[in-house]
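Here's the structure, in structure tokens; my notes come after.
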Amino acid sequence: MSPRPDRPPIDGRDARGPRPGRRCDHTDIPSVASRRRSHAMQNGNASDQDKLYRIRHSTAHVMAQAVLEIYPEAKIAIGPPIDTGFYYDFDLGAADDGRPRTFTPDDLERIEARMREIIKGNHRFAYREVSADEARALFVDQPYKLELIAGLAAGGVDEYGNETGAAPVISTYRHDTFEDLCRGPHVEHTGQIPGNAFKLMSVAGAYWRGDEHNPMLQRIYGTAWANKQQLFEHLQMLEEAKRRDHRKIGRQLEIFTFDDEVGPGLPLWLPNGGTMIEELERLAKEVEAEAGYARVRTPHLSKEDLFLRSGHLPYYAESMYPPMEMEGVRYYIKPMNCPFHHKIFGATQRSYRDLPVRLAEYGTCYRFEKSGELFGTMRVRSMQMNDAHIYCTEAQFEQEFMAVVAMYRRYFDLFDIDKFVMRLSTHHPKGLGKKYVDNERLWLETEDMVRRAMVNGGVPFVEVADEAAFYGPKIDVQIWSAIGREFTLATNQVDFAQPERFALTYVDEHGEARTPLCIHRAPLSTHERMIGFLIEHYAGRFPVWLCPEQARVIPITDDHNGHAASLARQLAAEGVRATADLGADRMNAKIRTAQLMQVPYMLVVGDREVAENTVSLRRRDGSRANDVPFGALLATIKDKVASRAKDL
RNA sequence: GCCACCCUAGCUCAGUGGUAGAGCAGCUCACUCGUAAUGAGCAGGUCGUCGGUUCAAAUCCGACGGGUGGCUCCA
């Protein structure tokens, strides 16, 4: 099973907002926790979820007690339940060498052992409400708690520091020797925590309140379940996720590789990956031609002036490779294609009759992602984007925007992608002039336009504030990697800022110059992220049209090599990617090899097949068909490819 | 970038102070086989790099590089 959610939580609400009946997605959990979604939590009923929530929350408290016993000087921060368990953040103070003390893997074992002892004590969880002064006295040695209490006392902030807008009630839960600032709920006593259904998983650094300017705390992640079987299933699911990991399959299927000397985040596409890229581009070009896009091509770098005009440099210089200087002029490698497309739009005089203008390009971009942010091919520094920019009038906007959304859905149908969330990202007033172009009126107008278009089109979406692009709101399509990491696969952005900055105009029916709106869109994402995602989505078993190798001819003995080679040539002549395995292996070994490479069609040929020009067909799924006339099979394969069929 | 952990042959891994091993893959030979591994032989590593400790370092320490899990970030 994949840890991605079974059903996208499409409910028209903020993805981080409260959702009835799902305590593990309650607002008192920091945003990261609520963004990861658990398989189990989606399936269980409300009372199961409530029970798991209590178990996890209580296990976190027990862990904090164990940590405080081992490190009495430790300062405790926050410890919420998350969708597969819980975590707790600690500040362990300075070690002898003056550097921050950190947990060791041995600590985890000790802490876990002590936790089991505490659980056996059947200590009751006791709730009480306290005044702000009492709370301050209770946690006088706990600076992080004091900070949270200050927020609670001031109102509108919960015990995790998240804004609630609710009236402040300060409460604590106490069990055994440990009392924590906490709203609960908890199990009745520690004996209700199954001692064989939790496991401390990892140690990680985490910034206090998620802000990298704050000190880094030590976080321990744990997983906790209602019983031993559930824990076992969860651990098995993690193993299965590792098997589908695109980094592993990408190596096994010889799709891509990385080389230390080339550099981190700079994938090398092997021939199999190259083939897949060609197929994706073929798809995109067909679909875009049909939808009235024109193809353009632009350079990989430009003068600094271009990115100053676009506004990218002041906003995103950190994510760009540093400039290079030639003949006294600074050049940047492009992190995006839009400024170039804007220049193409602006290169000719445009009439309202020409609009919409849709410019498409699989543009190659380079972004300097921090080293710790790289992740296989899903997060890289060089990428080729399924990019296009649509220039249109305000009157055309809704239709154009929804046509792009329809294009997403067409692709997602083709790939059977049903686990995703469409997310409308809007601005936040506090970021105006910093993260965002400073024009609140246009922000509100375009956000409303997008919202209206989505609602009119009947497209479910969630809305999140403060996640927009600097030039406008956007609709992102969020997907999850095999190991549960969330990514934006496709994006659809409204840009009300750049057309003006580039002085782009068209002449309207009254002869007046007007500024067009621009829609940025990338439904097929980047090749890097798309192929990484597809590898995990299909676990390497791609539909025939996308397979690097579509058919392999396997002779039974050397006597059939000539015939096998001839069949492979005939397949290739008809555009089917096929090879003949003429090696010294036995037939069984050749089948195994082809099977491991996920070749969809294996054509076994022996004496009978040579005599009758048939093949004995083995498909990747293990199904077989004997005495298939070669011509008929060739026609079938060609049809599966041409129709981009989902089946074999 | 920050915290923790990891890096031994193309791949998966064993080896925890006395100078390197296995399986698979590769190559050669034999076998000529009916739907997931035929057998034998050969070759392949300055143990990520550099420095330190030691009579002796894959093994201990440090720096750097790369990776993994998180945090931050994600146009």
Side-chain angles (χ1 to χ4, degrees), chain A residues 30 32 87 89 99-100 102-105 107-108 201-221 242 245 247-248 251-252 254 257-265 310-312 315-316 318-320 334-339 365 367-376 378-379 385 387 425 435 467-472 474 476 483-488 491 493 495 498 520 522 529 554-561 584-596 602-609 616-620 622-626:
Chain A
V32 174
Y87 66 80
D89 287 347
R99 298 172 57 183
T102 58
F103 288 113
T104 66
D107 286 336
L108 286 194
M201 303 296 281
S202 60
V203 180
Y207 301 108
W208 167 237
R209 293 193 149 172
D211 186 335
E212 66 179 321
H213 305 293
N214 284 341
M216 179 162 273
L217 307 173
Q218 294 292 307
R219 174 174 298 179
I220 299 179
Y221 278 101
K242 274 189 206 162
D245 193 314
R247 292 165 294 188
K248 187 183 175 82
R251 184 167 51 236
Q252 287 167 343
E254 295 172 20
T257 189
F258 287 89
D259 186 284
D260 288 359
E261 238 170 311
V262 174
S310 72
H312 283 102
Y315 287 95
Y316 289 109
E318 264 186 27
S319 306
M320 293 170 66
K334 66 175 173 183
M336 75 295 297
N337 305 300
C338 29
C365 299
R367 298 178 184 177
F368 194 82
E369 309 284 1
K370 292 182 197 169
S371 56
E373 297 164 347
L374 301 173
F375 177 63
M378 303 273 260
R379 187 84 182 269
M385 212 182 295
D387 213 355
S425 299
K435 275 172 84 171
E467 300 256 330
F470 77 86
Y471 45 65
K474 56 181 182 170
D476 287 332
I483 64 164
R485 215 176 273 189
E486 181 179 0
F487 285 96
T488 298
T491 187
Q493 306 171 354
D495 186 343
Q498 289 195 66
H520 305 235
R529 187 164 289 182
I554 296 174
I556 288 176
T557 76
D558 286 357
D559 294 341
H560 315 114
N561 278 3
D585 281 337
R586 291 174 65 192
M587 179 206 63
N588 278 312
K590 290 179 180 179
I591 285 173
R592 181 167 190 274
T593 306
Q595 197 68 57
L596 290 172
M602 286 157 268
L603 285 56
V604 180
V605 292
D607 287 338
R608 197 167 69 241
E609 288 79 9
S616 178
L617 174 68
R618 179 194 168 94
R619 297 184 199 87
R620 182 175 58 197
S623 66
R624 286 171 56 178
N626 291 328

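Each chain gets a letter, A, B and so on, in the order the sequences are listed, and its residues count up from 1.
With a cut-off of 3.5 Å on both Watson-Crick or G-U wobble distances, the partner of B:rA63 is given as B:rU49. Judged by Watson-Crick or G-U wobble contacts below 3.5 Å, the nucleotide B:rC27 has B:rG41 as its partner.
Among the heavy atoms of the strands lying under 4.0 Å from A:Met587 are primed sugar atoms or P, OP1, OP2 only; no base atom is included. Using a 4.0 Å heavy-atom criterion, one finds that A:Ala204 contacts the bases of the nucleic acid, with or without backbone contacts as well. As judged by a 4.0 angstrom heavy-atom cut-off over every strand, A:Pro335 is placed among the base-contacting residues.
Ring pair A:Phe470/A:His312 is perpendicular by interplanar angle, where above 60° counts as perpendicular and below 30° as parallel.
Nucleotides B:rC71 and B:rG10 place their P atoms 34 Å apart, quoted to the nearest Å. When the P atom is compared between B:rU16 and B:rU59, the two are found 12 Å apart, to the nearest whole Å. Rounded to whole Å, the separation between the P atoms of B:rC74 and B:rC60 comes to 39 Å. Taking the P atoms as reference points, B:rG1 lies 25 Å from B:rA9, given to the whole Å.
Within the 4.0 Å cut-off from OP1 or OP2 of B:rC33, not a single side-chain nitrogen or oxygen of A:Thr557 is found. Contact annotation: A:Arg209 does not reach the phosphate of B:rU72 (side-chain N/O to OP1 or OP2, under 4.0 Å).
Here B:rU32 is the nucleotide among B:rU32, B:rC3, B:rG1 with the atom lying nearest to any side-chain atom of A:Asp558.
Across every non-hydrogen atom of A:Glu609 and A:Val604, the tightest pair is CG-O, 3.8 Å. Smallest separation of non-hydrogen atoms from A:Asp107 and A:Thr102: OD2-O, 4.1 Å.
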Show the distances under 3.5 angstrom between N or O atoms of the protein and N or O atoms of nucleotides 37-43 of chain B.
| residue | atom | partner | partner atom | Å |
| --- | --- | --- | --- | --- |
| B:rA37 | N7 | A:Arg592 | NE | 2.9 |
| B:rA37 | N7 | A:Arg592 | NH2 | 3.2 |
| B:rA37 | N6 | A:Arg592 | NH2 | 2.5 |
| B:rA37 | N1 | A:Arg592 | NH1 | 3.3 |
| B:rU38 | OP2 | A:Arg586 | NH1 | 3.4 |
| B:rU38 | O4' | A:Arg586 | NH1 | 3.1 |

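Checked by distance alone, A:Tyr207 brings no side-chain donor or acceptor within 3.5 Å of a matching partner on the base of B:rG70. Residue-to-nucleotide contacts include no donor-acceptor pair under 3.5 Å from the side chain of A:Arg620 to the base of B:rA36.
Side chains of A:His520 and A:Asp387: a donor-acceptor N/O pair is absent below 3.5 angstrom, by distance only.
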